[in-house]
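What follows is a set of notes on a single structure, which appears directly below.
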Amino acid sequence: MLQLKVIREDKQRIINGLRKRNWTAQQVKIIDDILKKDDERRANQKELDDTLAEQNRLAKQIGALMGQGKKEEAETLKIQVAELKTLTKTLEERTGSIQQQLDNMLYSVPNCPHKSVPKGKTPEENKVAKDWKKPFPALPEDALPHWELAKKYNLFDFELGVKLTGSGFPVYRGKGARLQRALIQFFLDEAVKAGYEEILPPLLVNEESARATGQLPDKEAQMYKCDEDNLYLIPTAEVPVTNIVRGDIIPIKDLPVTMTAYTPCFRREAGAWGAHVRGLNRVHQFDKVELVRVEHPDNSYKALEGMVRHVEKLMNKLELPFRILLLCGGDMGFNSAKTYDFEVWSGAQKRWLEVSSVSCFETFQSNRMKLRFRDAEGKIELAHTLNGSALALARIVAALLENNQTPEGITIPKVLHRYTGFKMI
RNA sequence: GGAGAGAUGGCAGAGUUGGUUUAAUGUACCUGAUUCGAAAUCAGGCGUACCUUCGCGGGUACCGGGGGUUCGAAUCCCUCUCUCUCCGCCA
């Protein structure tokens with residue numbers, strides 16, 4: 001949620017930002033509506049506060065009169081208060097509904113893109129921030145896609161997943177399962193080495209948490225919900241991990257807060273099935289190691305680049321061909337101010353697969369969840385939040401299997417040997 | 001799942017026969033005095049949000065969440081959530 005203060009003071013920049021997200025001149029008018037609604041809110045607030053103040057004053061007088069035994073006079077004042085109460089009730093209801101309307105408007109406005117974010121409407125207009133310069137791995141014409149390799153080497157089984165749960169829930173087995181665990185362990189170790197605190201969070205969160213990171217209200221359909229207990233299965237570790245600091249005021253000396261977590265991620269992906277979603281390309285449950293940072297506003301973009309370098313290092317260690325995209329305004333997520341996507345080259349499918357998304361949210365999340373820090377002078381300010389996948393497993397596995405297939409078997413990158421215990425599948 | 005107790009400011013902890021309590025007090029923290037410096041001591045300060053003011057300041061709300069009674073609620077009533085103790089079940 002954008003800050004009202006920023007909209008008020010920096011309106012043109014916000015409007016320009018929304019235009020970069022391809023908002024029409026018509027849509028952008030909501031900014032003016034928001035400001036108008038806020039004026040309305042403030043006027044009402046003032047009136048309400050003044051009325052309550054008067055009421056409090058009279059109540060105190062009544063107390064004093066009662067103490068002195070002047071019952072008659074007290075009764076007169078009571079009548080006055082009764083009138084004020086009617087007015088208060090009206091004002092309270094109106095202020096509440098104005099606030100609700102204002103919040104709804106604010107919820108509907110996406111984050112303002114950073115000035116370095118390119119214009120554009122579609123994924124095709126994303127800027128390649130770093131391309132793959134070397135040749136792709138040489139595979140024979142009859143190279144197998146990962147779902148065929150999985151069958152050949154008995155690594156994971158989709159049909160079995162259907163029997164247990166439904167489509168999109170693969171069952172990993174044998175070396176396939178071991179490879180998953182190896183990757184998780186490797187990613188976590190690298191994150192801890194980079195200074196992130198390891199977190200093992202709950203996989204279900206309450207409504208408040210889902211709201212704070214912005215999954216609610218707009219991404220509700222993406223999450224699995226346990227109605228009985230009113231809990232949601234997490235679509236990413238970002239939700240529980242970022243909520244660890246929800247509502248906190250962090251002393252400046254404790255910044256940045258850096259956390260990492262491995263969790264399975266559950267996504268309904270309703271209506272998202274089509275031609276390009278075979279195998280591990282899109283599943284309902286996948287594993288991911290996530291990085292979360294809370295940063296001082298002056299340092300957040302430096303931190304973003306640092307996270308990108310961290311992911312880059314992982315890709316290099318896994319010896320996978322990849323490229324980095326700087327997302328254009330139109331392709332960026334609702335909450336993000338700037339996002340880099342990592343794509344891995346899937347040799348047999350001959351296409352790029354998204355494996356990581358690293359974003360800076362500025363104060364968009366922290367405003368909603370009231371995540372702040374106290375600076376050296378004691379002043380309180382909203383912190384910046386960032387997160388990124390480092391990395392998402394399923395598609396990494398897909399690329400790894402496809403790119404590394406040889407007539408003798410599938411080779412495992414050297415860096416994983418100590419985790420897998422085998423060098424070849 | 002059953003029975004009981006409880007939830008107050010960073011922490012501890014009063015207040016629960018409704019009314020100068022504007023939430024006492026301790027502790028932590030900050031500033032100053034004292035000191036060569038420190039400890040100890042003394043003095044002052046010390047929540048969050050919103051509104052208002054050029055500023056000093058002023059106002060409103062918040063004692064787990066929500067609702068109610070009342071001129072007035074931390075205090076009374078309803079409801080939800082959570083915590084603790086005991087019992088049951090259990091990885």
Side-chain angles (χ1 to χ4, degrees), chain A residues 1-9 34-107 200-212 216 225-232 240 243-255 257 363 365-383:
Chain A
M1 180 166 58
L2 287 173
Q3 297 176 76
L4 260 174
K5 198 179 74 178
V6 172
I7 297 178
R8 214 182 293 136
E9 289 166 4
I34 285 171
L35 290 176
K36 238 181 271 166
K37 190 56 77 178
D38 186 44
D39 288 339
E40 199 182 336
R41 184 197 117 254
R42 285 199 275 180
N44 258 272
Q45 175 89 54
K46 177 98 178 75
E47 204 181 342
L48 175 62
D49 283 359
D50 288 349
T51 311
L52 284 170
E54 177 67 3
Q55 229 170 279
N56 286 342
R57 200 178 60 79
L58 290 175
K60 231 171 244 176
Q61 262 185 42
I62 292 171
L65 288 171
M66 298 287 260
Q68 295 163 25
K70 298 178 178 170
K71 260 197 139 171
E72 297 280 311
E73 290 177 44
E75 286 304 321
T76 322
L77 288 183
K78 278 193 193 181
I79 295 168
Q80 277 188 47
V81 175
E83 281 169 19
L84 285 178
K85 273 189 90 170
T86 323
L87 178 59
T88 304
K89 190 138 193 173
T90 316
L91 286 171
E92 260 171 358
E93 274 163 16
R94 200 190 302 161
T95 308
S97 102
I98 290 170
Q99 185 69 55
Q100 187 69 52
Q101 290 167 32
L102 184 57
D103 284 346
N104 287 343
M105 283 194 237
L106 283 170
Y107 282 145
L200 188 70
L203 306 183
L204 288 106
V205 292
N206 58 29
E207 208 180 315
E208 210 179 336
S209 294
R211 193 168 295 281
L216 292 176
K225 188 179 183 197
C226 307
D227 272 318
E228 190 81 5
D229 301 289
N230 204 26
L231 296 173
Y232 296 87
N243 269 283
I244 287 174
V245 288
R246 180 178 78 214
D248 285 2
I249 299 174
I250 298 166
I252 193 164
K253 66 176 167 57
D254 293 343
L255 289 182
V257 177
T363 61
Q365 281 184 328
S366 58
N367 187 36
R368 194 182 283 207
M369 69 169 80
K370 296 287 167 273
L371 166 57
R372 294 159 293 175
F373 69 95
R374 192 188 298 274
D375 70 15
E377 282 87 55
K379 230 179 73 203
I380 289 168
E381 224 182 299
L382 289 172

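Below, chain A is the first sequence line, B the second, and so on; all start at residue 1. Keep in mind that this is a model prediction, so the values were computed, not measured.
- Phosphate contact (OP1/OP2 of B:G59, side-chain N/O of A:N56, threshold under 4.0 Å): absent.
- Base pairing analysis places B:A43 opposite B:U31; the two distances defining the Watson-Crick or G-U wobble pair are each below 3.5 Å.
- Taking atom C1' on both nucleotides, B:G13 is separated from B:A74 by 14 Å, rounded to a whole Å.
- Residue A:I62 places its side chain closer to B:G19 than to any other of B:G19, B:U48, B:C51.
- Summarising the geometry, the separation between NZ on A:K379 and P on B:U48 is reported as 14 Å, rounded to the nearest angstrom.
- In terms of heavy-atom proximity, A:V257 sits nearest to A:I250 at CG2-CD1, 4.0 Å.
- Comparing A:A53 and A:I380 against RNA chain B, the residue whose closest nucleotide sits nearer the 5' end is A:I380.
- Using a cutoff of 4.0 Å between basic side-chain nitrogens and carboxylate oxygens, A:E40 and A:K37 are scored as salt-bridged.
- Within the nucleic acid shown, A:L77 has no heavy atom closer than 4.0 Å to any nucleic acid atom.
- Residue A:L52 contributes atom CG, which lies 7 Å from atom C1' of B:U60 at whole-angstrom precision.
- Ion pair A:D39/A:K36 not flagged as a salt bridge, since none of the NZ, NE, NH1 or NH2 atoms sits closer than 4.0 Å to an Asp/Glu carboxylate oxygen.
- Rounding to whole angstrom units, CZ of residue A:R374 and C1' of B:C30 are separated by 11 Å.
- When the side-chain nitrogen and oxygen atoms of A:K85 are compared with OP1 and OP2 of B:G72, one or more of them lie within a distance under 4.0 Å.
- Remark: P of B:C50 and CZ of A:R8 are 10 Å apart, rounded to the nearest angstrom.
- The side chain of A:R42 contributes an N or O atom lying less than 4.0 Å from OP1 or OP2 of B:U52.
- Taking the side chain as every heavy atom from C-beta outward, A:N206 and A:L231 approach each other to under 4.5 Å.
- The nucleotide whose nearest atom lies closest to any side-chain atom of A:R41 is, among B:C51, B:G68, B:G72, B:C51.
- Classification of A:K5 and A:E9 as a salt-bridged pair fails, no side-chain N sitting under 4.0 Å from a carboxylate O.
- Residue contacts for A:L48: at a heavy-atom cut-off of 4.0 Å it reaches no nucleic acid atom on any strand shown.
- B:U83 is paired with B:A5 under the criterion used here, namely a Watson-Crick or G-U wobble arrangement in which both key atom distances are under 3.5 Å.
- Between A:L371 atom CG and B:U48 atom P the separation is 15 Å, expressed in whole Å.
- Pairing partner, B:G55: none, since no Watson-Crick or wobble contact has both distances short of 3.5 Å.
- In the set B:U60, B:G72, B:U48, B:U48 carries the atom at the smallest distance from any side-chain atom of A:I249.
- For A:E54 and A:V81, each mapped to the nucleotide of RNA chain B holding its nearest heavy atom, the one lying further toward the 5' end belongs to A:E54.
- Contacts of A:R57 with the nucleic acid, taken as non-hydrogen atoms under 4.0 Å apart, are absent.
- Taking atom C1' on both nucleotides, B:G64 is separated from B:A5 by 16 Å, rounded to a whole Å.
- Distance CG (A:L4) to C1' (B:C51): 14 Å, rounded to an integer number of Å.
- Going from the P atom of B:U21 to that of B:A38 covers 39 Å, rounded to whole Å.
- With respect to the salt-bridge test (charged N to carboxylate O, under 4.0 angstrom), the residues A:E54 and A:R57 qualify.
- What separates CG of A:N367 from P of B:A49 is a distance of 12 Å, to the nearest Å.
- When the P atom is used for both B:G68 and B:C29, the distance is 43 Å, rounded to whole Å.
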